[in-house]
Structure formats: structure tokens, C-alpha cells
Amino acid sequence: MNPVNYLYLAALLFTIGAAGVLIRRNAIVLFMCVELMLNACNLAFVTFSRMHGNLDGQIIAFFTMVVAAAEVVVGLAIIVSVFRARHSASVDDASLMKL
Amino acid sequence: MENLIGLLVAAPLLGAALLLCGGRRLDGKGHLLGTALALASFVIGAVLFADMLGRDEHDRALHSHLFSWIPVGGFRADVAFQLDQLSMTFVLLITGVGSLIHIYSIGYMEHDERRRRFFGYLNLFLAAMLLLVLADNYLLLYVGWEGVGLASYLLIGFWQHKPSAATAAKKAFIVNRVGDVGLSIAIMLMFTTFGTFAFAPVLSNATDASEGKLTAIGLMLLLAACGKSAQVPLQSWLGDAMEGPTPVSALIHAATMVTAGVYLITRSGAIFNNAPDAQTAVVTVGAVTLLFGAIVGCAKDDIKKALAGSTMSQIGYMILAAGLGPIGYVFAIMHLVTHGFFKAGLFLGAGSVMHGMNDEVDMRKYGGLRKYMPVTFVTFGLGYLAIIGFPGLSGFWSKDKIIEAAFAKGGTEGWILGGAALLGAAITAYYMTRVMLLTFFGEKRWVPDEQGNEPHPHESPKSMTIPMIVLAFGSVFAGGLFSLNDAFLKWLEPVTSHSHGHSPLSAATVTAGTMVVLLIGVAIAWVQYGRRPVPSTAPRGSLLTRAARRDLLQDDFNHVVLVKPGEYLTRGLVYVDHKLVDGVVNGTAASVGGLSGRLRKLQNGYARTYAVSMFGGTAVLIAATLLMRAV
Amino acid sequence: MSSMLAAATSTTSTGEAVQFWILATVAVIGALGTILMRKAVHSALCLAGTMIVLAVFYLANGAYFLGVVQIVVYTGAIMMLFLFVVMLVGVTAADSLKETLKGQRWLAALCGLGFGILLCAGIGNASLKSFNGLGQANSGGNVEGLATLIFTKYVFAFEITGALLITAAVGAMVLTHRERTERALSQREQAERRVRTGTQVPPLPAPGVYARHNAVDVPGLLPDGTPAELSVNPTLRGRGQMRDVSGKALAQLAALEQRSARWLGRDAKGGKGAGRPGGAKGAEGAEGADRHDSANGAAGPGGADHPEDSKGVAK
């Protein structure tokens, strides 16, 4: 087996995550899908690291994790405060920016 | 002495400023102030005249440079005056007749609550007119030219509460604009040709310029003269201008302003002398107008309009004479001065009649007034005799000379012009006799007006009769005085030059011919209006009469030739503007609006829809990248 | 470089291949579960599964440190954070899978399909026939190698991520912090207010009183046998999770006990002799009712006043 299969898996997971972002309305699930996409990217980075034979890809994946952690913290905080204000976690309910 | 020239203009200008800005405080004495300043101007003119007579005849011109007006590089316009014999003549006429009419207006406008304003306008007119004749360059002349136009507009529309007066004022103003455009073009042409507007360099260098350019300048000057002097084809405003108060008609629309065209042509004589085609145009305009005005004057029942036709006709004589070149300049000015006397007198007489007849202007409702208004009758009669050229009176001397000069033009042209002038003299005799007979002879025909007020004809107050008497003296003696030893000829010759021409007829023959046509004209009028009673409503009349009553269809002509096409043009432009220009603009706006309306639906506020757009965009970007790598 | 090139191979071990195909399937199923499960909790669990699989893949790819971090930080910390928020927010209508935006699903499917195909095409297009492996890079230990890079080459990025994390922590606090705008009421003030408004002056009844069950979701019974709604927590009431122990439930219980008594051989002789006032109407179900230690006996005195209630009990 060639490690390129990891890349195909990463592409598949990324696409699934993106589709999830598009079809789910619950902000929390939507956020999970974003995490899935980030993880797919990390897998690709790690695989690239192996292919190139150096650790830079792993470093990038590491930073991605850190940034994802920060993003989750802030994002969930936003979801919680939106929920408090509107009693809804649906991204479709926050649609005031139209017409 | 030079400094006094400025004062000539300044005195009435001060009067205008005081009267127009002074407010109600001056209501009581304003008319006296205006009259005093007009008289002051006349006195200054007389002093200058005396001074001028004391000097050598070739060294009589005075120059006064006040200040540099617009100095820009090679362009130089000064406020500077030039007082030579020609200007002097005008100054005396303007201030003299002007002062008399100021005095007359004191009585005539006594019951008008806006009398102060009226005198302000009169003073403004005097100042502008003096500026016109005293300017030493064409640009300053243009300022005066517009100034008299403004004063004329204000005075014609003085009784602006009458729609007819307001309309007449606008008509006069607009028709004059056409002529003013001609003057401004002429000035521009002068600047490009000679590099200056001052009279002296332009006129002394006229021979250097090409004939084509001179002809163009001459024609433009003629257009200006036509506008200001109510000559065909810009004659239509003068008849309506009679809506103004009668003193205005006498001063502006008979004696002074309307003669500005004659002054312009005479002043620019050097240009016309070198442009024979322009001269031909001038004499044609003059001849046509003198007949045109005379025919119109025959048909009008409104006494002022009949006199207006007469004015037009007499100015036609002057223009004709001015167009003859050095043969006629002097006689044009001489007729101008004598005409200033007798026509002003006639208008003042007409005003006096109206004053006594409750402002009735229809001559068919006068009749037999000589018993009620003896002074008016006598002064008006003397004016009448002067205008028809009764031997010995002013008109005889000046008009006879013009007819003579017309024949002296020589060739077929001379015969045609002379014939036209003779015919004009006959018609003049006819229509003036008609006016005289209808107004002062026959039985009384007046009727009560709508309010049932029976007119009580009465003689006018002294303030009105004295100017009439003074003008009557002028009408009787001015011509003879001027012709004594050819005094006027010698006076003006240094400025305008003079030549006798080659008349195919002797002076005596022309005089005799003039007498004959004069008698014929008077006789026809006598037969028509003196021997049988006059109907108080006008009979239908022949086709020519009806046309003449409508000013020989001048307004219809203008309407059909100018107004209608103009309306069609504007209608077409409006159509194009609405359909094409607005269509493009509105179409663009509508399409942009429609497109935005549809695009707006993309902005539905749902984050997920935006995410789809983003995702799709990313896919397209990847596709593009792959495609670029593959290619 | 030359040695690295020399180390380049094109296939992995068979063991890794087997592991890949099995776990990849699990990962994809987990991912699909994440986006298709109706409840957010299930989605979170599916995602956690996928993440653990990914951790294994990291380990297989020689990223030992990342593999451990993935499990500890991602699956352990971040996913727990998600679960906390899910608990906090609760179940909402947003959990419905019914699509409300017109055409959204089709567009999403189209874009996803196109994107995936293009991505795969891109990967397939790249010349990735051989790979180097991390043998040499990891020779000094994976963690040591990463540490060397982080504190040399990427030290600035590392410092900046530190700043980012602090900012994120502060941001989360700011976003979720709610300022108290008024003083909390003291107990005395609360009591006075209750008296003033006249609502429920004594303490609320406890759940399970006079009932067979004393669980929090069982309402206490009033003397007439009807359930006292007030005795149940409002949250449970709001969710409709209040258990109904009156009426039918009691009857079933009674039947059960009767059966068990019969089965145990005890005679139900005292059934008809019971001094239950409502027994005349509910005779058939009252067998052994005397042995009901509390509920029915307590409800008995009020039975005459509430015939339909007694009837319900009898059924």
C-alpha cells in the first residue's frame, strides 16, 4: 500500500466535513464538522511529513491543533452567548443580515 | 474742460442711484431731483458746447481718460470719453429733449404713485445714452447700448400690472438681444482684425483691413442698428413699446434711443465707406423700413402706434441717409436732430391729448379737439407741418436733403432709393394729415367708457405745455437754423466728412417733386377724413389695410418663420431627450436595479448559503489550478 | 539527502495496509455519523471515534507525539468541551435533519462531490509514487526532533500561538461572562416577597410523598390521591419527564402484587372484607388492597367525593 491512500482518506474526510457544514443547522454540530475538516488536514500534513522524510509537516499539524483549540474555545463561547440571547443554537435563526 | 465730460454722465447716474436706492423718503421731491440733475447735465453740455465753438474746427474733439477698465495682456479696455462734434450734437439732443421730457413728466406722471421710480429710470436712461454717445471705444459703447436697452425694458414695462405692458417689455428686450448679439460679434471681429476697440485706431486703420472683414463687421453693426432702431427685420418691438408711458415713447422710442443705430452707423462710417456691400444692405434696410413704417402708420387707429410707425419710417430715412456714405451722414444726423424735436413734440402732444381724454388712444374717438386743447393743437400742428416737410419748417430742410442725397447716390440705385424716399414723403404726408384730422378736426366722437365716465377734454398743465411749446419752437426753427450757411454741414464735416455726389436732378427739381407728392398725400387724406364724417369704428378696409393694421404681418411672419420652427425644434429635442437620452439613462438604471433586485436574493442572510458559495468557489479555484497545471 | 533518497520506498508493510483499510472504514463511518446523526451527543461521539482512529494513523505515520496529543488534547479535552456545551445548550429544534433552505442539500451534494473528485484528481495527478519515511528524522526520537524544530526554526510561531491561546482564553471568558446588575435577594426578602404576592407561602412539597416511589420524577400525592405537580422539579415538568404514578399505574401495581401473592400461595381472603369506602365500586380491582401499605389506604377517605377518580384507580 502506498501512503498516498492516507491522502485520499484525508480528502474524503475533508469533503464529508464540508458537506456537514453545509447541511447541518445546529451550530455545535457545525463546529464539529469544522473540527473534522481540520483533522483531515492534519492527517494530510502528517502523511506529507512521512513522504518528505522531515518533521515540518508534523510541526504544522501541531500548530493547527493549537489554533483549533483556541478556535473551539472562542467558537463555543460565542455559541453559548448566542444561545443565551436567542434561545437557539440554529445558525439559520441568526439571519438578520438579509434584505 | 475734459473733466466735465465725466460729469455729463455722472449727474443723471447719481440721480438714478439716489432715486432708485433712496426709498420712500424721496417720494415727495424725487421728481424734482431727477429733473434738476437732467437739467444740470444739459447745462454742462451747453458749457462744453460753448467751449467747443470757441476752438478751431479741426481741434474740437476732447478726450477724457477715466481709468483702465480691463487691462489683460494685449486686451485693453478703458473707460474713456471722446467728445467731438458728433457726440456733442447727441449730448445736446439727449440732455435737451431729455430735460424737457423730465419737466413734462412731472405733470404727466403726477398721479402715479411710482413717480420717483419713473424718474430714476429716466435718469438711468440718460446716463446710459450719454455713455453710449460719449464712449471712445466700442466696448464702452456696448455698455451704454445695453444700459439703454435695460432702461427701455424697465420703462416700457413700467405699468407692469398690465399684461400687455409686461409682454411688450419682454418683446422689446428679446428682439433687442438679437441686435446686441450682432454688436458683440462686430466688436469681437474688430478686436481680431485691429487688435483694439477704440474708435480712433479702428477707424483710421479701416482701409488696411480686407473688404470681406469690413463687410462682415458692417453687417453685424447693421444688425445691431436694426435691433436698436427698430428697422426691418427687427422692427416688431417698437409698436408694442408704446405700452410704456407717453414721455417714454417720446424720449426713448422717438427722439433718442431708437436713433442709436444711426449714431452707430455714422460713427463707424470709415468701416462702411470701405465696405460697399454692407452699405447696400444699409440703404436697402433703410428704404424698406421707411416704406414699411409709413404704411403701418397709415392704418393704425391708435395715435401712439401711428406715431410709432412714423418713427420707424423716419429712422428709415436716417438709416438710408447713413447708408449713402459721406453724401448722407450729415443729413442723417440733421434729420435725427430735427426729428428728435418734432417727433418728441408730437408724442408729447399725443400724451397731452390722452391726458385730457382719460387715456383713450383710439383716434376714432377723438375729433374736434382743437377747441378744447388750443396749445396742444398748435404745438402738435407745428410738429405735423415739420414732419411732412412743409416748406421752411425743420422737416423740410432735413428730409429734402436726404431725398436729394438718395438721388445723388447715382445710377439705378439712386433712382430706386430716391423714388422710395419720395414715395415715403407722400405717405408721410398722408398718414400725418390723417392723424391731425382725426384728432383735432371734425366732430367730437368720444363716448363714455365702461364706467360711464364722459371724457372732459381739457388743456394740460403748464409743466406739460411748456416743453411742448419749446419743442414746437425747435420743430419750426431748427432746420432753418441748421441750414443757414450750411452751418450744420460745416459743424459735422470734420468728423463725418462730406461729399456732394452727382445728383441727376437739380435741388430745385427734387424740392418741387417733394412738394407735389406732399400735396398729393395731404389731399388724399383730406378727401378721406376731412370731407366726410369718420366712423367711430374702423371699416373693414382693403386687404392691404388689414395687413397694415396687423403691422404688415410682422408678428405672423416672426411666428411662422421663427417661433413655430423653434417650437418644433424644441419639441423634437424634448422627444429625443425623453425617448433617447432619458431612455438610455432610465434603461441603464432600470436594468441595474432589476439585476440588483435579482442578485439581492443571493443575500438571504443564511450563513450556510454563503458557505455553499464559498465551498463552490473553492472547488472552482481548485479546478482552475488543476486546469492551468494540465495546460 | 542522498541517504534519504536511498531510503525512499514505494510501499508500506502489509500489516499497516490491513490496519489502514480497517480503520479507514471506521473513520469514514464515524465521519458520516458525525454529520448524519440527529442528536448532537451522538455526533460528538462519532467524531471522537474518528479522532481516535486518526490518532492511530498518526502513530502509524511516525508522528508519535502528535498521536498522543490527538488523543489527549483533541479527544480528551476538546471533545469533552463539545459535550459540555451540548449539555448546556440542550436539545433544540436545530437538531432536526429536515432541510429548510431550498436547494441547499442539492447544492451541498454537488459542491461536495465536485470538490472531492477534484481533490482526488489533484492527488492522483501528483507524482507520489515513492516516499521517504521518517526513519532518519525520527532517529533521535520523534519528540526530540519536534522539540528541536519548535524551539529553533518555529520559535516565533510557537510564541505567537502562546499569545493566541491566552487571547482565546480571555476572549472566551469575556464572551460568556455575565455581569450581575442587581444585588441578590436575601432569604428574608424572598420570603417577604412571597407573602406579598401570595404565591406558595410554605415550602414546596417534596416529591414522592405518600407515594410508593420517592424518586425525583415522581410527584407527591395529595390526600385525595391526585399527583401534586408542584412537588416535581420545573425542569422535569417542562420536559414532560414527570412519571405518573397515580391512577392506572397504581392499579397495575396492585394487580402485580395480587398476582405475586397468589403465586406465593397467600390467600386473598381479606380482599372483600376490606373497609375501603370506595370498595363497592372498584371491587374487582380491590383485591388485596388492604395490603397496600400506604397509597390506597390514604386515598380511600376521599374516594366518595371523587367517584371518577376512584373509578380510574379501579381500572
Side-chain angles (χ1 to χ4, degrees), chain A residues 1-9 11-20 22-29 31-33 35-36 39 42-43 46-47 49-56 58-59 61-63 65-70 72-74 76-81 83 88-90 92, chain C residues 4 10-12 16-17 20 24 27-28 31-32 34-35 40 43-44 47 50-51 54 57-58 61-63 66 69 73 78 81-82 85-86 88-89 92 94-95 100 105 108 112 115-116 119-120 123 128 131-134 136-137 145-146 149-150 154 157 161 164-165 168-169 171-172 175-176:
Chain A
M1 185 201 77
N2 192 304
V4 78
N5 285 340
Y6 286 113
L7 295 181
Y8 287 120
L9 175 63
L12 188 55
L13 292 180
F14 188 93
T15 310
I16 292 172
L22 298 186
I23 62 174
R24 293 305 297 258
R25 272 179 294 158
N26 189 332
I28 301 167
V29 178
F31 233 68
M32 289 180 199
C33 295
E35 291 303 314
L36 184 59
N39 271 289
N42 277 355
L43 178 61
V46 169
T47 310
S49 168
R50 183 185 188 187
M51 288 177 154
H52 288 289
N54 60 34
L55 295 174
D56 289 341
Q58 291 186 22
I59 298 283
F62 171 72
F63 282 131
M65 283 182 185
V66 177
V67 174
V72 165
V73 168
V74 176
L76 289 178
I78 290 173
I79 288 172
V80 167
S81 42
F83 181 77
S88 159
S90 168
D92 285 358
Chain C
M4 279 174 73
S10 59
T11 55
T12 58
E16 196 186 339
F20 174 80
V28 170
L32 288 174
T34 305
I35 70 167
S43 289
L47 184 61
T50 304
M51 283 179 173
L54 287 183
F57 284 154
Y58 291 172
N61 275 325
L66 282 185
V69 168
V73 173
I78 294 181
L81 196 58
F82 267 109
V85 175
V86 169
L88 202 62
V89 168
T92 69
D95 286 338
T100 47
R105 233 168 234 189
F115 187 82
L119 222 49
C120 292
I123 296 168
L128 300 167
F131 67 100
N132 289 324
L134 282 169
Q136 196 170 11
L146 282 176
L149 276 175
I150 285 174
Y154 293 100
T161 44
L164 176 72
L165 281 176
L175 279 169
T176 51

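In this text the structure is predicted, and so the values were computed from the model without any measurement. Protein chains get the first letters and strands the later ones, always in sequence-line order, with residue 1 at the start of each. Note: hydrogens, waters and symmetry copies are ignored here, and every other heavy atom, side chains too, is used.
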Would you call [X] and [Y] a side-chain contact if the rule is heavy atoms closer than 4.5 Å?
{"X": "Tyr154(C)", "Y": "Phe63(A)", "value": "yes"}
{"X": "Ile123(C)", "Y": "Tyr8(A)", "value": "yes"}
{"X": "Gln58(A)", "Y": "Asn61(C)", "value": "no"}
{"X": "Val29(A)", "Y": "Ile35(C)", "value": "no"}

Proximal component of [X], with respect to chain A [non-hydrogen, under 4.5 Å]:
{"X": "Val85(C)", "answer": "both"}
{"X": "Phe82(C)", "answer": "both"}
{"X": "Leu47(C)", "answer": "side chain"}
{"X": "Thr50(C)", "answer": "side chain"}

Check each atom of [X] against the heavy atoms of chain C and say whether the ones under 4.5 Å are side chain, backbone, both or neither.
{"X": "Asp92(A)", "value": "side chain"}
{"X": "Leu55(A)", "value": "both"}
{"X": "Ile16(A)", "value": "both"}
{"X": "Ala11(A)", "value": "both"}
{"X": "Phe14(A)", "value": "side chain"}
{"X": "Val73(A)", "value": "both"}
{"X": "Ile28(A)", "value": "both"}

Exercise: identify the closest heavy-atom pair between [X] and [Y]:
{"X": "Val89(C)", "Y": "Ala89(A)", "answer": "CG1-CB, 3.9 Å"}
{"X": "Ile78(C)", "Y": "Ala69(A)", "answer": "CD1-CA, 3.8 Å"}
{"X": "Thr15(A)", "Y": "Gly112(C)", "answer": "CG2-O, 3.0 Å"}
{"X": "Ala40(C)", "Y": "Met32(A)", "answer": "O-CE, 3.6 Å"}
{"X": "Gly53(A)", "Y": "Ala137(C)", "answer": "O-CB, 3.5 Å"}

Checklist line | Which of Ala169(C), Gly62(C), Cys120(C) touches chain A most, by non-hydrogen pairs under 4.5 Å | finding: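 The candidate making the most pairs under 4.5 Å is Cys120(C).
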Next item on the list: Would you mind telling me which of Leu119(C), Thr176(C), Val28(C), Thr34(C) has the largest number of heavy-atom pairs within less than 4.5 Å of chain A?
Entry: Thr176(C)
Do you know which of [options] has the most heavy-atom pairs under 4.5 Å to chain C?
{"options": "Leu13(A), Asn5(A), Val72(A)", "result": "Asn5(A)"}
{"options": "Ile79(A), Leu7(A), Leu43(A), Thr47(A)", "result": "Leu43(A)"}
{"options": "Leu9(A), Ile59(A), Ile23(A), Leu22(A)", "result": "Ile59(A)"}
{"options": "Leu12(A), Val4(A), Asn42(A)", "result": "Asn42(A)"}
{"options": "Leu36(A), Asn39(A), Val80(A)", "result": "Asn39(A)"}
{"options": "Ile78(A), Val66(A), Leu76(A)", "result": "Leu76(A)"}

Rounded to the nearest 0.5 Å, what's the gap from [atom1] on [X] to [atom2] on [Y]? Could you check?
{"X": "Leu149(C)", "Y": "Phe62(A)", "atom1": "CG", "atom2": "CZ", "answer": "11.5 Å"}
{"X": "Leu134(C)", "Y": "Met51(A)", "atom1": "CG", "atom2": "CE", "answer": "11.5 Å"}
{"X": "Asn2(A)", "Y": "Phe20(C)", "atom1": "CG", "atom2": "CZ", "answer": "10.5 Å"}

Next item on the list: Please say which of Val73(C), Leu66(C), Thr161(C) ends up in a side chain to side chain contact (heavy atoms under 4.5 Å, CB included) with Met65(A).
Entry: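 The option that passes is Leu66(C).
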